[in-house]
Amino acid sequence: MKALVYDGVEQMGYRDVADATPRDGEHLIRVSAVGICGSDMHAYLGHDDRRPAPLILGHEAAGVIVGGARGGDRVTINPLVTCGTCQACTSGRENLCPTRQIISMPPREGAFAQLVAMPEQNLVTVPEDTPLDKAALAEPLAVSWHAARLALEALHPSQEPRALVIGGGAIGLAAALALKAMGVEEITIVEPNDARRAFLQDQCAQNVVAKAEGSFPIVIDAVGYAATRAATSAMAEPGGVIAHVGLGEDAGGLDIRRMTLQEITFIGTYTYTAQDFRDTSQAIFDGRLGPLDWFQQRSLSDGFTAFQELRAGQVAHPKIMLYPEP
């Protein structure tokens, strides 16, 4: 099969590799569309020791099952593989499974390829009227759905559900869409990139600013740098909630003294539960997350160029979707 392989810092190659091979209880899926995630970019830049080269990246995918009893079924892929038996898994918190694996991280190759193998329980059937590239957005949308759900559950009932989202990439936009689907009416996105800010305003009908002012009951950091954490801890309303989902850099930024004195809740959020993924997929199928027409389309063979342009800040779209050759 053809695959886009991460070969080292800012190096990728498109070439023939061995076909993906399903384990017991797994299906082989022919990938129809796969998105570029921020974590793929972190690996490409050499910032993620969990993803050593050479490696096939990519975990935001949908496609068609090849062979077997379910051959021909259209599916979107939950890339988080868990044991199913530990306390986290049996309590519906699969994302905290101590033996969790995710495709695009050893020992599981990712979906920047023509084929990928996944367990049965990680597949959600996609209706015929939902395009598979939009179904591939289930993964990044589920990340934000999970963060938005946890933030709203933690918010005191006396506080107005008004939100600030820091970062206008796919996760930030998805957080705004999830919050709206959950009933939040007043949402502001902070995005410093002029081209992306204009895209979000003009193409996605979002309220977007270059710099936020004031305070907010809910603040979602979809970037995760020291500077954005400093902004979240400064702009969270007393008694408010910070949901931190971005993984830009490891340390710095939080004003722990203010967060303590103002009793601000901080929630670290990682991926999603299996139920969050199913709920997000259904929201896509039902149209509750909007038209989902905010991604740029590229062939998988052009993936290296896409990474280079993302690195240079030349992409206004929140998401690039890659399409393997049939």
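Excluded from the calculations below are hydrogen atoms, water molecules and symmetry mates; all remaining heavy atoms, backbone and side chain alike, are included. For reference, positions follow the sequence shown, starting with 1.
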Applying ring-ring contact (aromatic ring centres under 6.0 Å, His included), which residue pairs with at least one partner in [range] are found, sequence neighbours left out?
range	result
residues 45-100	none
residues 229-255	His244-Phe266
residues 140-183	none

Heavy-atom count around [X] [atom1] within 6.0 Å, excluding the residue itself: above 12?
X	atom1	result
Asp250	CG	no
Arg257	CZ	no
Gln314	CD	yes
Glu213	CD	no
Lys2	NZ	yes
Asp293	CG	yes

Using every non-hydrogen atom in the two residues, find where [X] and [Y] come nearest and quote the distance to one decimal.
X	Y	result
Tyr272	Glu139	OH-OE2, 2.9 Å
Phe277	Pro79	CE1-CD, 4.4 Å
Val9	Gly46	CG2-CA, 3.9 Å
Ser233	Asp255	OG-N, 3.1 Å
Cys204	Leu173	SG-CD2, 4.0 Å
Leu4	Phe304	CD1-N, 4.0 Å

Distance check, rounded to the nearest 0.5 Å: [X] atom [atom1] versus [Y] atom [atom2]?
X	Y	atom1	atom2	value
Asp221	Leu247	CG	CG	9.5 Å
Thr305	Leu310	OG1	CG	11.0 Å
Thr271	Arg100	OG1	CZ	6.5 Å
Leu80	Asn122	CG	CG	7.5 Å
Arg278	Thr76	CZ	OG1	13.5 Å
Glu109	Ile103	CD	CD1	10.5 Å

Checklist entry - With sequence neighbours excluded, what pairs up with Glu128 under the side-chain contact (heavy atoms from CB on, under 4.5 Å) test? => result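 Listed in chain order: Arg74.
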Checklist entry - Between Ile29 and Leu123, does a side chain to side chain contact (heavy atoms under 4.5 Å, CB included) hold up when you go through it step by step? => result CA-CA 10 Å; Ile29 297 111; Leu123 305 178; 3.9 Å; yes
Is there a path of hydrophobic side-chain contacts, each under 4.5 Å between heavy atoms, that joins [X] and [Y]?
X	Y	result
Leu150	Leu254	no
Val165	Tyr225	no
Leu300	Tyr6	yes
Phe199	Val223	no
Ile187	Trp294	yes

Under the rule for side-chain hydrogen bond (donor to acceptor under 3.5 Å, both in side chains), what residues qualify as partners of [X], not counting sequence neighbours?
X	result
Gln282	Asp286
Thr99	none
Thr273	Asp276
Asp194	Arg197

Item to check | Partners passing salt bridge (charged side-chain N to carboxylate O under 4.0 Å, His left out) against Arg108 (at least two apart in sequence or in another chain) | outcome: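 Glu26.
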Checklist entry - Val126 and Ile284: side chain to side chain contact (heavy atoms under 4.5 Å, CB included), yes or no, with the steps? => result CA-CA 10 Å; Val126 178; Ile284 292 172; over 6 Å; no
Item to check | Among Ile264, Thr232, Thr265, side chain to side chain contact (heavy atoms under 4.5 Å, CB included) partner for Met259 | outcome: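 Among the candidates, only Ile264 passes.
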Counting only N and O atoms by type, is there a donor-acceptor contact under 3.5 Å from the side chain of [X] to the main-chain atoms of [Y]?
X	Y	answer
Arg196	His317	yes
Arg50	Ala43	no
Asp19	Met1	yes
Arg30	Pro326	no

Item to check | Arg311 and Glu10 ion-paired at < 4.0 Å | outcome: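 The answer is yes: the pair qualifies as a salt bridge.
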Next on the checklist: Go through it in stages, so that I can follow the logic: the residues are Arg51 and Tyr44, the test is side chain to side chain contact (heavy atoms under 4.5 Å, CB included), and I'd like the CA-CA distance, side-chain angles, deciding distance and then a yes or no.
Outcome noted: CA-CA 9 Å; Arg51 292 179 165 94; Tyr44 169 77; over 6 Å; no
Check whether any side-chain heavy atom of [X] lies under 4.5 Å from a side-chain heavy atom of [Y], and answer yes or no.
X	Y	value
Leu177	Ser144	no
Pro119	Val81	yes
Val31	Leu322	no

Extract all donor-acceptor atom pairs below 3.5 Å that involve side chains of residues 84-98 and protein atoms in other chains or at least two apart in sequence.
{"residue": "Thr90", "atom": "OG1", "partner": "Cys86", "partner atom": "O", "Å": "3.0"}
{"residue": "Thr90", "atom": "OG1", "partner": "Gln87", "partner atom": "O", "Å": "3.3"}
{"residue": "Ser91", "atom": "OG", "partner": "Gln87", "partner atom": "O", "Å": "2.8"}
{"residue": "Ser91", "atom": "OG", "partner": "Ala88", "partner atom": "O", "Å": "3.1"}
{"residue": "Glu94", "atom": "OE1", "partner": "Ala274", "partner atom": "N", "Å": "3.1"}
{"residue": "Asn95", "atom": "ND2", "partner": "Tyr270", "partner atom": "O", "Å": "2.9"}

Checklist entry - Going by the salt bridge (charged side-chain N to carboxylate O under 4.0 Å, His left out) test, which pairs reach into residues 112-122, not counting sequence neighbours? => result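 Listed once each, the pairs are Arg70-Glu120.
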Next on the checklist: Apply side chain to side chain contact (heavy atoms under 4.5 Å, CB included) to residues Arg298 and Glu309 and explain how you reach the verdict.
Outcome noted: CA-CA 12 Å; Arg298 304 278 189 101; Glu309 292 178 8; 2.5 Å; yes
For residues 33-42, which side-chain donor-acceptor pairs fall under 3.5 Å, sequence neighbours excluded?
{"residue": "Asp40", "atom": "OD1", "partner": "Gly58", "partner atom": "N", "Å": "3.2"}
{"residue": "Asp40", "atom": "OD2", "partner": "Cys37", "partner atom": "N", "Å": "2.9"}

